[in-house]
Amino acid sequence: MKPSSVDYRNVVAALVVVGLLALPLFSQLTGNFFVLTLFTRIVIFSLAAVSLNLIMGYGGMMSFGHAAYLGIGGYAVGILAAEGIGSGFIQWPVALAASALFALVIGALSLRTRGVYFIMITLAFAQMAYYVASGLSRYGGDDGLTIYKRSGFAGLINLSNRVEFYYLCLFCLFGGVFLVWRIVNSRFGLVVQGLRSNEQRMQAIGFPAKRYQLVCFVISGTMCGLAGALLANNTDFISPAVMYWTRSGDLMVMVILGGMGSLFGPVVGAIVYLVLEEFLSQVTEYWAMIMGPLLLLIVLFGRGGILGLIGSFSRD
Amino acid sequence: MLLVVEQFLNGLQFGLLLFLLAAGLTLVFGIMDLVNLAHGSLYMMGAYFAATFVAWSGNFIIGILLALGATLLLGIVLEVVALRHLYGRDHLDHVLATFGLILFFNDLVRLVWGPAGLALPLPGWLTVPVQIIPGVFYPAYRLAIISVALAVALMLYIVVMRTRLGMLIRAGASNREMIGALGINIKLLYTLVFGLGAALAGLAGLMEAPILTVQIGMGENILILAFVIIVIGGIGSIRGAFVAAILVGMIDTLGRAFLPDLLRGVLSSAAASTAAPALSSMLIYLLMAIVLVARPEGLFPASRR
């Protein structure tokens with residue numbers, strides 16, 4: 001029996017899965033519903049972070065505009081609800097399709113460039129989406145849009161029930177992780193990862209680089225649009241603030257904090273980041289003064305994120 | 001006619017302000033290869049320093065000069081304490097670390113100056129309208145911004161292209177090791193360049209302050225515009241930043257001023273008033289998209305090393 005054969009990263013992932021599954025039970029037993037509310041939010045942002053990790057961690061595409069999809073997915077739900085279409089069977093496909101379309105256009109333009117240009121351009125286009133949403137005076141403009149009724153699924157599931165909604169979010173998250181896992185280990189995923197390490201070589205072999213990257217980009221955006229639809233249902237409200245560029249920054253931080261290019265890294269990152277934010281904001285009003293320098297220190301000293309750190313323990 | 005001249009000058013003024021901000025950003029990127037999101041925070045700090053020092057000294061010019069010095073100093077401290085350690089790292093690291101700095105600066109400002117915005121009142125001699133051509137008056141302060149920004153742009157060109165310091169800066173950009181081997185203190189040079197960029201951002205912030213209010217997050221929206229300018233102009237190119245800044249300033253200002261009327265000619269007035277604000281804020285991003293499609297490296301790509 002060699003203890004070195006255990007990869008602690010898998011242990012952490014298993015603990016996260018069990019913990020998230022058992023959370024409603026814990027909250028029922030202790031009567032602590034705040035935890036459930038907090039973790040519903042965390043699970044939704046985990047899904048967004050997982051989708052970002054697909055292009056950032058595996059594809060090497062540093063998108064700084066991922067919050068745009070949160071907003072687009074959310075606005076699709078909100079606008080349809082405001083126009084009297086309450087069925088989730090219509091709202092959610094529209095949310096996904098709108099996100100996919102936006103990702104297709106933005107991706108096709110942004111992928112013409114590399115590196116730091118890509119970061120800036122995705123940032124700028126997301127900010128454009130933010131301004132457009134602010135200009136939607138019919139749907140609340142800057143003030144946002146209240147969603148009076150959550151998406152209906154013909155009695156199959158009741159989104160207004162806290163526990164049912166939590167498990168729906170969790171189902172989407174696990175589905176997202178599973179999808180990323182399948183993609184990463186497929187031929188398609190291997191090509192995308194190959195493009196990350198050496199685009200020229202991949203092109204020389206004969207792979208159409210842009211096409212692969214664009215498809216990956218669109219999948220990621222669509223997945224994040226789903227997170228947006230969940231988020232709008234969770235808060236019963238959607239406003240341009242959801243796609244403000246600091247949100248995109250938050251998502252990036254979650255991915256890096258947890259460990260870029262690892263399956264459960266973004267989930268761990270989202271949990272740690274949002275719990276830390278919650279904790280610090282209870283300690284002091286000026287929590288960002290602690291969070292900011294903390295980020296700087298993580299960048300300077302903590303390469304590979306939390307899962308990378310844990311992984312380094314299990315190597316010998 | 002009158003309105004056109006006025007909006008034209010507004011666009012020029014906005015474009016020149018954007019240039020000051022973008023110049024610092026592109027200088028720091030071109031030479032140190034550092035992506036600095038906190039550049040917008042320096043812009044904000046410049047405005048807060050100016051509001052504080054002007055109120056404290058009671059004199060507009062003295063206050064502004066003090067604020068400029070303070071922003072320069074802040075930039076140097078920032079470089080020595082934090083950003084110096086990021087050179088040579090991945091761009092993603094730069095983005096995250098400087099994102100952290102933005103969070104820090106926003107809350108620092110909230111702690112020190114409070115959440116409410118400040119006002120930076122102009123002295124009387126800058127508030128009078130000036131007759132620029134017969135029958136057309138323009139605020140003296142905006143004219144002052146245009147002249148100061150043009151003078152700074154010219155000075156920047158002379159410093160970078162015509163002085164020994166500029167020569168070292170350009171040499172440092174093309175080959176860091178070589179210039180270090182020739183006995184130049186490259187660390188000091190980088191610190192100076194960063195301080196210069198910080199001062200330019202501070203100057204832009206404090207000049208904009210009397211027109212808008214001084215508030216938290218004021219640097220963030222304009223930072224995105226600076227990014228758009230850099231992408232359009234070509235990263236690392238000061239000349240590109242200048243052309244793109246004027247272009248963006250003009251298009252943004254003129255779009256906001258005249259697009260609603262133009263649209264009203266085509267669409268119904270209700271549809272026009274809904275579409276115009278969204279469309280005019282999209283204009284510069286559309287411009288960026290067009291530039292990207294036509295010339296992915298920007299209008300004036302800096303020669304690669």
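Each chain gets a letter, A, B and so on, in the order its sequence line appears, and its residues count up from 1.
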Examine whether an atom of [X] lies under 4.5 Å from a heavy atom of chain A, and if so say whether it belongs to the side chain, the backbone or both; otherwise answer neither.
X: B:Val95; value: side chain
X: B:Ile284; value: neither
X: B:Val231; value: both
X: B:Leu225; value: neither
X: B:Asn221; value: both
X: B:Leu292; value: both

Among B:Ala82, B:Gly100, B:Ala289, which residue has the highest count of heavy-atom pairs closer than 4.5 Å to chain A?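 If we count pairs closer than 4.5 Å to chain A, B:Gly100 comes out on top.
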Quick check on the interface: out of B:His85, B:Glu220, B:His94, who has the most heavy-atom pairs with chain A under 4.5 Å?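 Going by pairs under 4.5 Å, I would pick B:Glu220.
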Just so I understand: if I count every heavy-atom pair under 4.5 Å between each of [options] and chain B, which residue has the most?
options: A:Ser137, A:Ser134, A:Pro293; answer: A:Pro293
options: A:Val132, A:Ile256, A:Ile106; answer: A:Ile256
options: A:Leu297, A:Ile290, A:Ile121, A:Leu136; answer: A:Ile121
options: A:Met56, A:Met260, A:Arg114, A:Gln127; answer: A:Gln127

With heavy-atom distances below 4.5 Å as the criterion, would you say the side chains of [X] and [Y] are in contact?
X: B:Leu111; Y: A:Met289; result: yes
X: B:His91; Y: B:Phe29; result: yes
X: A:Phe64; Y: A:Met120; result: no
X: B:Leu118; Y: B:Thr213; result: no
X: A:Leu263; Y: A:Tyr58; result: yes

Below 30° counts as parallel, above 60° as perpendicular, anything between as tilted: where do the rings of B:Phe99 and A:Trp245 land?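 Ring orientation of B:Phe99 relative to A:Trp245: perpendicular.
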Which word best sums up how the rings of A:Phe207 and A:Tyr212 line up, parallel for under 30°, tilted for 30 to 60°, or perpendicular for over 60°?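 Perpendicular, since the angle between the ring planes exceeds 60°.
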Between A:Gln193 (side chain) and A:Val184 (backbone), is there a donor-acceptor pair under 3.5 Å?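 Checked: pair present.
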Please look at [X] and chain B and tell me whether the side chain, the backbone, both or neither of the residue comes under 4.5 angstrom of a heavy atom of that chain.
X: A:Tyr130; result: neither
X: A:Thr246; result: both
X: A:Met62; result: side chain

Please tell me whether A:Phe125 and B:Tyr285 form a close aromatic pair, meaning their ring centres lie under 6.0 Å apart.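 A:Phe125 vs B:Tyr285: aromatic centres not under 6.0 Å.
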So, B:Glu79 and B:Lys187, do they make that salt bridge, N to O below 4.0 Å?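 Answer for the salt bridge query: no.
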